[in-house]
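What you are looking at is a predicted structure, and each value in this text was computed from that prediction instead of being measured. Order of the sequence lines fixes the chain letters, A, B, ..., with proteins taken first and strands second; residue numbering starts at 1 for each chain.
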Amino acid sequence: MALAPELLEVHEEQARDRYALPPLPDAEKGVVMRFAPNPSGPLHLGHARAAALNDAYVRRYGGRYILRIEDTDAKRVDPQAYDTVPEDIAWLECAITETVYQSDRLALYYDHARRLIERGGAYLCTCDNDRFRELRQAKRACPCRSADIETNLAGFEAMLEGAYAEGEASLRVRTDLEAPDPALRDFPAFRILTSTLHPRVDATVYPLMNFSVAVDDHLLGCTHVIRGKDHIANTRRQQFIYDWFGWTPPHFKHYGRMGIEGVVLSTSEMRAGIASGHYEGWDDIRLGTLRALARRGIAPEAVRRAMLAIGVGETDIQFSWENLFAENRAIVDPVADRLWFVPDPVAVEVSGALPREARPLRHPGMPARGTRTLAFDGSVVVPTAELGNDLSMLRLKDLFNVDVSAVEDRFRFAYAGDDLAEARAAHAPIIQWLPLGETLPCTLRRPEGDLTGVCEPAVRGAVGGVVQFERIGFARIDRAGPEGVVAYLTHR
RNA sequence: GCUGCUAUAGUGUAGUCCGGCCAAUCAUGUCGGCCUUUCACGCCGACGACUGGGGUUCGAAUCCCCAUAGCAGCACCA
């Protein structure tokens, strides 16, 4: 035990290098953080960054991790997302301690609106939108701004009771008309929405994001907020609300924008692509949703590690699949059984060899995991792409060497000994193969297109798991039915 | 346009606050080699960056100014 601390420290140091995040201020006694998605569809890699970063800090400092469903805009609520979002967050293995729905809290927001009005921090505005915009641009107050508290209180109640139609009135926060950023000047806190019904509540007046977020972050006791920098203007707006109420705001951190090569991260674009049939669904492997990653066989841990490696930098970044794949490969390589898949197979007769069994290892690094048995009895299938006119010898992996000859366009193999060294000396490719009679039809689906072929029967036992198709890449076995196997390429 | 933020290799990232120990870290990638009955894993090596220009200083990736580029916001969305 006397020697251990040093070693531990070294290990910790090394581990910290790539995944460690900068320390948070005032966090030593624990933190309360939240992940607050809009329930508009399944979660994607962009959400995963926010979810994983907050999760990592809560794990590090201890405390509470709130999943807050921000469903105050009925137009942007997809009822299915009430299920998919928690499912996705559970898949990501984030340590959520409680879940709240903003649509459950409307009374709370109304109550705080009244209190804000009483403090002179908000007023009911019935100005035309364009008109208000002009005034705001000119740093001038709109006529509604000068109404007294009683009038505003009454106006807000009237708004709640349905005296105004959608768009006719809003409650605005009194900020600073001289604010250099026009976005900060008297922004709206509540609006009326009657054209779209909310799937969970019967209401016509809804808080806007800046109001509900500030109230909730305070009421729920959030100590630190980590979100994308698209919220930086919102943070400034929310500061006005904290000031009006005399609340201490949480610590904010805004990370940079993240793009992902070759993928749309916009929920609405994905939805449109699915509707048009371009994508098969939310788990189409060309998508950046967590469901798509799961279907491909990416481990949640890999996603979290990749996000931690990126960190909380404010620089805009282009996320690369290579980095995610590398994280995943490290996780999956030690556990994935090695199995054979022969793409675009061609049957070849082998002359001069007696029937025998090949017993390839399930994992070359762990012989204890055992072998599978493939019974050679005269003919094999091999990948067509391996055969060529200039090829004279190859080795059927874990079986024996063969001489290759071609008559017309038909290839023939002739037994050429068992000696592995000979094959190496001849630079013979060592390839996967299958007995002609022991194959299962198999489709390997890839973002760039499907690969069809056959795989060994043992693949049936790996449904739902990730295997490595030797010399092809890692793949998740999606299903195995009478019609054959469907697998998804995870990555090479 | 206005308001603000950011700028390190193909990608991500450390270093920037408190200038010298940075001829710049780590990972990934690519290439080469070794190992290996996989083109996986592992090991070794190579490649590859401080956006540009000024300034301050004995000394700048680090501080200042300008330029350029990118991004965000300027919604009764989140």
Side-chain angles (χ1 to χ4, degrees), chain A residues 14 16-20 22 36-40 70-77 102 125 127 129 132-133 136-137 166-172 179-185 187-193 205-210 212-213 227-237 254 256-259 261 267 305-311 313-327 329-330 332-334 336 338-340 358 360-361 363-366 395-401 418-421 423-424 428-432 468-474 491-492:
Chain A
Q14 287 169 344
R16 196 172 353 202
D17 273 349
R18 289 192 49 238
Y19 303 120
N38 174 255
S40 57
E70 306 215 325
D71 56 350
T72 53
D73 180 9
K75 287 181 189 166
R76 292 182 40 146
V77 170
Q102 289 194 315
C125 178
C127 291
N129 239 327
F132 183 87
R133 193 169 308 158
R136 180 183 59 193
Q137 212 56 41
E166 185 169 321
E168 280 184 3
S170 62
L171 189 73
R172 293 189 174 280
D181 185 349
L184 305 183
R185 300 173 197 156
F187 61 87
F190 283 83
R191 66 161 171 174
I192 297 165
L193 183 65
V205 176
Y206 298 89
L208 273 323
M209 180 259 205
N210 283 296
S212 52
V213 163
R227 41 157 48 156
K229 76 178 186 185
D230 44 319
H231 284 295
I232 175 153
N234 291 322
T235 298
R236 296 197 188 105
R237 286 194 268 224
H254 301 97
R257 187 189 147 86
M258 182 175 83
E261 49 186 29
T267 301
R305 285 185 194 173
M307 294 304 154
L308 294 184
I310 285 168
E314 291 170 52
T315 316
D316 301 327
I317 60 161
Q318 192 60 28
F319 182 79
S320 169
W321 291 106
E322 292 298 343
N323 293 317
L324 210 213
F325 292 164
E327 299 288 356
R329 194 175 289 118
V332 109
D333 184 80
R338 271 52 177 173
L339 295 170
W340 290 346
L361 254 14
H363 196 294
M366 292 172 231
R395 180 175 180 85
L396 302 176
K397 190 167 184 288
D398 293 297
L399 192 64
F400 48 60
N401 307 332
D418 294 345
D419 193 357
L420 177 62
R424 286 210 190 287
I430 300 170
I431 68 169
Q432 80 277 29
Q468 187 199 62
F469 281 145
E470 284 191 56
R471 310 206 312 132
I472 306 278
F474 293 92
H491 47 67
R492 296 223 54 179

Whenever both distances are under 3.5 Å in a Watson-Crick or G-U wobble pair, mark it; put RNA chain B into dot-bracket that way, with [ ] for crossing pairs and | when the partner is on another strand. (((((((..(((.......[.....)))((((((.......))))))...(((((..]....))))))))))))....
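Among residues two or more places apart in sequence or in another chain, the ring-ring contact (aromatic ring centres under 6.0 Å, His included) test is passed with A:F400 by A:F376, A:Y415. Legend: residues meeting ring-ring contact (aromatic ring centres under 6.0 Å, His included) with A:F187, ordered by chain and number and at least two apart, are absent. Evaluation of the side-chain hydrogen bond (donor to acceptor under 3.5 Å, both in side chains) rule for A:R395 yields A:N401 as partners, not counting sequence neighbours. Residues satisfying the ring-ring contact (aromatic ring centres under 6.0 Å, His included) test with A:H491, not counting sequence neighbours, are A:F325, A:F474.
Salt bridge present: A:E470 and A:K397 bring a charged side-chain N and a carboxylate O closer than 4.0 Å. Taking the charged nitrogens against the carboxylate oxygens, A:E327 and A:R18 do have a contact shorter than 4.0 Å, which makes a salt bridge.
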For nucleotides 66-73 of chain B, just jot down a letter per nucleotide in 5' to 3' order: B, S or -, based on protein non-hydrogen atoms under 4.0 Å. ----BBSS
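Among the nucleotides B:A27, B:A40, B:A78, the one closest to any side-chain atom of A:R18 is B:A27. Taking every side-chain heavy atom of A:N38 into account, B:A78 is the closest of B:A40, B:A78, B:U28. Comparing atom distances between the A:R76 side chain and each of B:C76, B:A78, B:U28 picks out B:A78 as nearest. For A:I317, whose side chain is taken as the heavy atoms from C-beta onward, the closest listed nucleotide among B:G12, B:C41, B:U38 is B:G12. Of all nucleotides listed (B:U37, B:U8, B:G29), B:U8 comes nearest to the side chain of A:T315. Nearest nucleotide to the side chain of A:R471, out of B:U11, B:U38, B:U37: B:U38. Comparing B:U38, B:C76, B:U6 against the side chain of A:E314 picks out B:U6 as the nearest. Among B:U37, B:A78, B:G12, the nucleotide with an atom closest to any side-chain atom of A:I430 is B:U37.
B:G19 sits 14 Å from B:A61 when the P atoms are compared, rounded to a whole Å. Nucleotides B:C22 and B:U11, compared at atom C1', are 22 Å apart to the nearest Å. A gap of 42 Å separates the P atoms of B:C66 and B:G29, to the nearest Å. Across B:C5 and B:A9, the matching P atoms stand 22 Å from one another, rounded to whole Å. Separating the C1' atom of B:U8 from that of B:A60 is a span of 14 Å, rounded to the nearest Å. When the P atom is compared between B:C65 and B:U28, the two are found 39 Å apart, to the nearest whole Å. Nucleotides B:G32 and B:U25 place their C1' atoms 24 Å apart, quoted to the nearest Å.
With hydrogens and angles ignored, the 3.5 Å screen pairs no side-chain donor or acceptor of A:W340 with any backbone N or O of A:F469. Checking side-chain atoms of A:R185 against main-chain N and O of A:R136 turns up a donor-acceptor pair under 3.5 Å.
One atom, CZ of A:R133, and another, C1' of B:C76, lie 10 Å apart when rounded to the nearest Å. With rounding to whole Å, A:F187 atom CZ is found 16 Å from B:U3 atom C1'.
For A:Q468 against B:U38, a side-chain-to-base donor-acceptor contact under 3.5 Å is present.
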